[in-house]
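Letters A, B, ... mirror the listed sequences (proteins, then strands); counts begin at 1. We use all heavy atoms of the structure for the numbers below, so side chains are in, but hydrogens, waters and symmetry mates are not.
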Amino acid sequence: MIRLLAACLMTLSMAWPAAAQSAGPLRIEITEGIIEPLPVAVPTFLSETPGAARIARSIERLLIADLVGTQLFREVPKDAHIQSIDTFDAPVRFPDWKAVNAQALVVGSVSLSGRDQVVVRFRLYDVFSEREFGASLQFAAPADNWRRIAHKVADTVYSRITGETGYFDSRVVFVSETGPKNRRRKRLAIMDYDGANTQFLTGDNNDIVLAPRFSPDGSWLLYTSYRTGSPRAHILNIDDARPRLLDASIGNMTFSPRFAPDGRTVVFSVEQGGNTDIWRMNVDGSNKQRLTLHPAIDTAPSFSPDGSRIVFESDRSGTQQIYIMSASGNLPRRISFGPGRYGTPVWSPNGDYIAFTKQNRGRFHIGVMRIDGSEERLLTASFLDEGPTWSPNGRVLMFARGTAGVNGGFSIYSVDISGRNLKRVPTPAGASDPAWSPLRN
Amino acid sequence: MNTTTKLIAIAAVSTLFACAPQPEAHLYDAEAAAEALPDFAEDTPAYLQSEIGDRVHFAVDQSTLSGEARSTLVAQARWMTTYPRFSAVIEGHADERGTREYNLALGARRASAVRDFLVSHGVADSRLETVTYGKERPVALCASESCYADNRRSVTVVNAGGAGPDVIGADTGGLETASFDVSG
């Protein structure tokens, strides 16, 4: 696997939150609900070495696509720009940018160095305050990874202006689906968050693979595979892509595995004698502990970000509903009480929301609610929407949308937790069961 | 083939094809009669599949066995106890109108309900395995209740000589006979 050496040459870690707090007008408060996208001007990225122009243009375009794709930003068209930025250090004529209604200005330059390294420098300006917003930054990486550099620049711009971490330099693991519905072929695949760079992680065989989940460091996957003839939780390292049985010593079937925030503990469903309960254990199979002991179906567990609690679904009330219990299985408490059935709960990375799938009156919805079950909000509706996964910053959900009938198939969609910005994520074939990675290093 | 088994076969076939004429009509309808006659030797898995019926169906989000399902399973149990060299994998399936994990658990419940029924009717537990496919392997692809109903099923997949003979005492003749009652 390729690895990016993203060198952050100028340390900004402590610099930008302070800058953001004193930012004045250049600020998007996402929580208030954005109505008008913030206009950002991105002059053509400068090419500082021979042959860098093409990659400079690609990086600049992808940066703009990332920002505009959030619907929090819009681009000020280049043909409206008054000042032409010819050098990276050229003084910015702020009145020229105010005149075209730009609120943010991103100036970038790209150079190629030995052994196909690409180096990107950029500056973010607050036009109305007439000053640079945060320190200038430089990212370096092999030229093959130019997309990651663009995403990192976009993440930096996004986080400076919103005060939250970004999500562009991230990946999504999913199940690639081909063939007819009754003989569907399923393979684990991984792509960038925007659908680029798809790679397969498992072979094109008769195995059924389901519901992959990232480890907190983004390097391992838990998923369910029929490799052994029945559904069993498996683990796979993304670099060597070699599937390994997680543990086969309990239960007839095991599925819906997910990592705890510590990266060493897993929770999963165990089927025994027709009954499905939730267990936890260490990744190496030690320290097995049964968390639910109930004749109902208990499945789809997901840890709170601090590891202290687990949200899961159970039909112990008669229908699928969402419950929260302690990480050791104590005090299960139902939190979903609206009409319909609730499943596939996932705790948000910030700890504040539970995303879920809801079925009501023959329709499927993706929704979010507070962890006490209040403020339930349905974000989507269709024939079949299921299996939400959180963006690393907790602002966006991806999920699978299935269509009806003989030729029905799955695609991956994303939607903001505000309910806006619903869009299909491009995949080469059918795609389901997305799981969003943490931000990459 | 004894008379009782023939009756079972006819009953099972008529339940498989809901539009088929009543069993009485077979006596006078050559085509239907031919259809009711087994095309396979009784001691083959194909016989169970075609003549007894290898699957039973379930109501939405349920794993309880209907009267019709129980009739089919009584016949399956009879066949399994008659031919102890076969073992079977019971697949549990769900329709697509549910979430993936829940449907896996629901399919497991259905397969288990069938296994428990067969065991209670004399088939050794050691000859039966269960597996859930959730909503991963539908047989009917349309988006209407008739297709969903076809997909909410268990399928008894017989394989030759898998798990060896029954444990002596597990398949008691008495239990077999006592439970062998298609009228229920």
> So which part of A:Arg341 gets closer than 4.5 Å to some heavy atom of chain B, the side chain, the backbone, both or neither?
Replying inline: side chain
> Can a salt bridge be assigned to the pair B:Glu96 and A:Arg184 using a cut-off of 4.0 Å between side-chain N and carboxylate O?
Replying inline: no
> For chain A, which of B:Glu91, B:Arg110, B:Arg97 has the most heavy-atom pairs under 4.5 Å?
Replying inline: B:Arg97
>> If I take atom OG1 from residue A:Thr276 and atom OH from residue B:Tyr102, how far apart are they, to the nearest 0.5 angstrom?
In response: 10.0 Å
>> For a side chain to side chain contact (heavy atoms under 4.5 Å, CB included) check, start with the C-alpha distance between A:Leu210 and B:Leu104, then their side-chain angles and the critical distance, and finish with the verdict.
In response: CA-CA 11 Å; A:Leu210 305 172; B:Leu104 286 174; 3.9 Å; yes
> To the nearest 0.5 Å, what is the distance between OG (B:Ser112) and CD (A:Gln272)?
Replying inline: 11.0 Å
> Just wondering, more than 12 heavy atoms not from A:Gln359 lying within 6.0 Å of its CD?
Replying inline: yes
> Based on non-hydrogen pairs under 4.5 Å, which of B:Gly134, B:Gly107, B:Gly98 is most in contact with chain A?
Replying inline: B:Gly98
> Given a strict heavy-atom distance threshold of 4.5 Å, which part of B:Ala111 is in contact with chain A: side chain, backbone, both, or neither?
Replying inline: neither
> When rounded to the nearest 0.5 angstrom, what distance separates CZ in B:Arg100 from CG in A:Asp433?
Replying inline: 4.0 Å
>> Please determine whether side chain to side chain contact (heavy atoms under 4.5 Å, CB included) holds for the pair A:Met253 and B:Thr130, giving the CA-CA distance in whole Å, both sets of side-chain angles, and the decisive distance to 0.1 Å.
In response: CA-CA 9 Å; A:Met253 299 171 250; B:Thr130 58; 3.9 Å; yes
>> Which residues in residues 376-387 of chain A have any heavy atom closer than 4.5 Å to a heavy atom of chain B?
In response: A:Phe383, A:Leu384, A:Glu386
>> Please give me the minimum heavy-atom distance between A:Ala404 and B:Ala143, naming the atom from each residue.
In response: CB-CB, 3.5 Å
>> Quick check: closest heavy atoms across A:Pro231 and B:Val131, and the distance to 0.1 Å?
In response: CD-CG2, 3.7 Å
> Of the non-hydrogen atoms in A:Pro295 and B:Arg109, which two are nearest, and what is the gap between them?
Replying inline: O-NH2, 4.1 Å
>> Looking only at heavy atoms and a cut-off of under 4.5 Å, which of A:Gly343, A:Gly402, A:Gly273, A:Ala300 has the most pairs with chain B?
In response: A:Gly273
>> I'd like to know whether A:Gln320 forms a side chain to side chain donor-acceptor pair (under 3.5 Å) with B:Thr99, so could you lay out the CA-CA distance, the side-chain angles of the two residues, the decisive distance to 0.1 Å, and finally the verdict.
In response: CA-CA 10 Å; A:Gln320 256 177 302; B:Thr99 50; 3.0 Å; yes
> Where does A:Thr319 contact chain B at under 4.5 Å (heavy atoms): side chain, backbone, both or neither?
Replying inline: neither
> Picking from A:Asn275, A:Ile297, A:Asn252, A:Ile208, which has the most non-hydrogen pairs under 4.5 angstrom with chain B?
Replying inline: A:Ile297
>> To check you understand the geometry: which heavy-atom pair defines the closest contact between A:Ser256 and B:Glu101, and what is its length?
In response: CB-CG, 3.5 Å
>> With a 4.5 angstrom heavy-atom cut-off, is it the side chain or the backbone of A:Ser269 that approaches chain B, or both, or neither?
In response: neither
